[in-house]
2 protein chains.
Amino acid sequence: MPEEPNVGLLLFIAYRAMEKRVLDAVVDAGFDITPAQARVFQRIGPDGTRLGDLAEQAQVTKQTAGFLVDQLERAGYVERVPDPTDARARLVRIAERGRQAMPIAAAVVVEIEAEWTAHLGQRRMADLRDALTRLREITDPYARRPTQ
Amino acid sequence: MPEEPNVGLLLFIAYRAMEKRVLDAVVDAGFDITPAQARVFQRIGPDGTRLGDLAEQAQVTKQTAGFLVDQLERAGYVERVPDPTDARARLVRIAERGRQAMPIAAAVVVEIEAEWTAHLGQRRMADLRDALTRLREITDPYARRPTQ
DNA sequence: TTGACTGGTACGATTCTCTGACTAAATTTA
DNA sequence: TAAATTTAGTCAGAGAATCGTACCAGTCAA
């Protein structure tokens, strides 16, 4: 395998590199957040997202997602508000402190994507994004469902 | 971000899908192994790999890698042998039980890659692999170093 | 041969994750 | 409409993964 790594490993290497840099930047900027918390946070939609949906997208149990959201909430990154459409549910929404952290993460993502584009060339980078997006149709059970 | 996920998230989704299926298959075949253990195991080279190298490649500390290798060793998947070139070091090598598990994982990888190829087309799949391999040059600090 | 460096381990503390059991609201069924 | 079922989420407890600090032993250079 070291001779010709499978695609899974290649995906992991690139993913991990981006995650690490983004997280380091956010942490350096004074936002103490862990990788697991970030993986959940990242999935919160503009209008809030239910815990169960977050769990499903982040591929963890509801309990784990709840545990992480508790921490994010205590740190002021997110808040839980009642879901107007279902009294059982609550929506996890990005709160003030979370909103402050987002541009920092976004900037690093832009920076890294620029580096990758420089290395691969525009064409290959666009193709990469395209391939991954298409792949999502068969690898992301969540994506197959309409978002509401 | 939910509107147009960044490449990091796309990488994660595909990676996670493959990891899960491979691991499920291996576990179903009676090999009890955890994701963290598998991530280390996967990096062991044909002639054995030092603990520190495994740690670096799997992006964990030496202690964590040691902890996981301990478990893999106890379960019979790997063994530690002295490194003939350095008395301080030991090589982690795949042992009998580990060797038995490998074809199962390999078969699932082949299966998944075939599915992905069917979905994307040969060309796009080849391009994806190519792009990820190139990307490794700038995202995998370990890869930049000659293997010995 | 001494001092700096390297490969690895030991210990202790946190963080992450899961299973199982439970409450309450919504939905379906009879 | 009352009962049964499903769905959203929480609680409690346990096990797995991870890290930081400190440490030991072997190597290497001066």
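Letters A, B, ... mirror the listed sequences (proteins, then strands); counts begin at 1.
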Side-chain donor or acceptor of A/Gln71 paired with backbone N/O of A/Gln37 under 3.5 Å = no
Ignoring hydrogens and geometry, is there a side-chain-to-backbone donor-acceptor pair from B/His119 to A/Ile138 under 3.5 Å?
-> no
Nearest-0.5 Å distance that lies between atom CD1 in A/Ile104 and atom CG in A/Asp28 | 10.0 Å
Which part of the nucleic acid does A/Asp83 contact within heavy-atom distance under 4.0 Å: base, sugar-phosphate only, or nothing?
-> nothing
Sort out for me which residue in B/Leu54, B/Asp53, B/Thr49 forms a side-chain contact (heavy atoms from CB on, under 4.5 Å) with B/Arg43.
-> B/Leu54
Is it true that A/Asp127 and B/Arg124 make a salt bridge, defined as a side-chain N closer than 4.0 Å to a carboxylate O?
-> no
Short side-chain to backbone donor-acceptor contact, A/Arg97 and A/Ala75, under 3.5 Å = yes
If you draw a 6.0 Å radius around CZ in A/Arg93, do more than 12 non-hydrogen atoms from other residues or ligands fall strictly inside?
-> no
Enumerate all atom pairs, one protein N or O and one N or O from nucleotides 14-17 of chain D, separated by less than 3.5 Å.
| from | atom 1 | to | atom 2 | distance (Å) |
| --- | --- | --- | --- | --- |
| D/dA17 | OP1 | B/Thr34 | OG1 | 2.4 |
| D/dA17 | OP2 | B/Gln71 | NE2 | 3.3 |

Once you round it to whole Å, what is the distance between P of D/dC19 and CG of A/Leu23?
-> 12 Å
The residue among B/Asp47, B/Val78, B/Val81, B/Ile44 that forms side-chain contact (heavy atoms from CB on, under 4.5 Å) with B/Leu91 is B/Val81
When rounded to whole Å, the NZ to P distance for the pair A/Lys62 and D/dT7 reads 10 Å
In whole Å, what is the span from the CD atom of A/Glu56 to the C1' atom of D/dG9?
-> 15 Å
Whichever of A/Arg88 and A/Thr61 has its nearest DNA chain C nucleotide further upstream toward 5' | A/Thr61
Check for a donor-acceptor pair, side chain of A/Thr133 on one end and backbone N or O of A/Arg129 on the other, with a separation under 3.5 Å.
-> yes
Identify the 5'-most and 3'-most nucleotides of DNA chain C with at least one atom closer than 4.0 Å to a non-hydrogen atom of chain B.
-> C/dT6 to C/dA10
Using only heavy-atom distances, determine whether the side chains of A/Tyr77 and A/Glu73 contain a donor-acceptor pair under 3.5 Å.
-> no
Can you give me the N/O atom pairs linking the protein to nucleotides 21-23 of chain D at distances under 3.5 Å, or say none if there are none?
| from | atom 1 | to | atom 2 | distance (Å) |
| --- | --- | --- | --- | --- |
| D/dT21 | O4 | B/Gln63 | NE2 | 2.4 |

Could you state the interatomic distance from CZ (A/Arg136) to CG (A/Asp140), rounded to the nearest 0.5 Å?
-> 4.5 Å
Is the shortest side-chain N/O distance from A/Arg90 to OP1 or OP2 of D/dT7 below 4.0 Å?
-> no
